S.K.: 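One structure is given below, represented as structure tokens, and several questions about it will come after.
Treat the numbers as computed from the prediction; the structure is a model and nothing was measured.
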Amino acid sequence: MKWTTTVIVVAVALAALALTVAVALLVRLVRARRDLRRAGLPTGPRWIFWGAVLYFLLPTDLLPDPVYLDDIGVLLLALRSMRGSLDGPNRHESSL
């Protein structure tokens with residue numbers, strides 16, 4: 001194989017891995033929101049959840065789509081904010 005072909009194969013493999021991670025985070029975000037709603041717990045502002053989902057699905061990104069690092073970051077921040085709304089009441093109770 002030529003050097004260029006090797007670089008292209010590695011780049012495609014890394015892009016596929018990044019896409020897999022981003023899709024897994026999106027699924028995790030949707031499941032976390034669903035589980036929190038079923039439990040009757042707050043899920044944080046709705047715009048954070050829907051904004052993260054739209055950012056992942058829309059073709060306009062900060063970085064080109066083969067590089068999913070920005071999508072992964074947005075999804076992780078949304079998961080963290082939802083988790084923070086879950087941890088909020090527990091932190092208050094543990095301090096009593």
S.K.: First locate atom CZ of Arg28, then atom CG of Asp35, and finally report the distance between them rounded to the nearest 0.5 Å.
M.R.: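 The CG atom of Asp35 is 11.5 Å from CZ of Arg28, to the nearest 0.5 Å.
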S.K.: What is the distance from atom CG of Leu19 to atom CD1 of Ile72, rounded to the nearest 0.5 Å?
M.R.: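 Separation between the atoms: 9.0 Å.
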S.K.: Do Phe56 and Val23 have side chains that approach each other closer than 4.5 Å (heavy atoms only, starting at C-beta)?
M.R.: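 Answer yes - side chains close enough.
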S.K.: Is it possible for you to say whether Leu17 and Val27 belong to one hydrophobic cluster, with membership spreading through side-chain heavy-atom contacts below 4.5 Å?
M.R.: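 Shared cluster, no.
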S.K.: If every non-hydrogen atom of Leu75 is compared with every non-hydrogen atom of Ala22, which pair is closest and at what distance?
M.R.: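 Where Leu75 meets Ala22 most closely, the heavy atoms are CD1-O, 3.3 Å.
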S.K.: Going only through I, L, V, M, F, W and Y residues with side-chain contacts under 4.5 Å, is there a path from Leu54 to Leu77?
M.R.: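 They do not share one cluster, since no chain of ILVMFWY contacts under 4.5 Å joins Leu54 to Leu77.
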S.K.: Apart from Val12 itself, what residues make up its hydrophobic cluster when side-chain heavy atoms of I, L, V, M, F, W and Y under 4.5 Å apart count as a link, directly or indirectly?
M.R.: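 Once heavy-atom contacts under 4.5 Å are chained together, Val12 belongs with Ile8.
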S.K.: Establish whether Val21 and Leu57 are linked, either directly or via other cluster members, by ILVMFWY side-chain heavy-atom contacts under 4.5 Å.
M.R.: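 Yes; Leu57 is reachable from Val21 via cluster members.
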S.K.: What pair of heavy atoms forms the shortest contact from Ala52 to Leu29, and how long is it?
M.R.: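 Smallest interatomic distance, heavy atoms only, reads CB-CD2, 4.0 Å.
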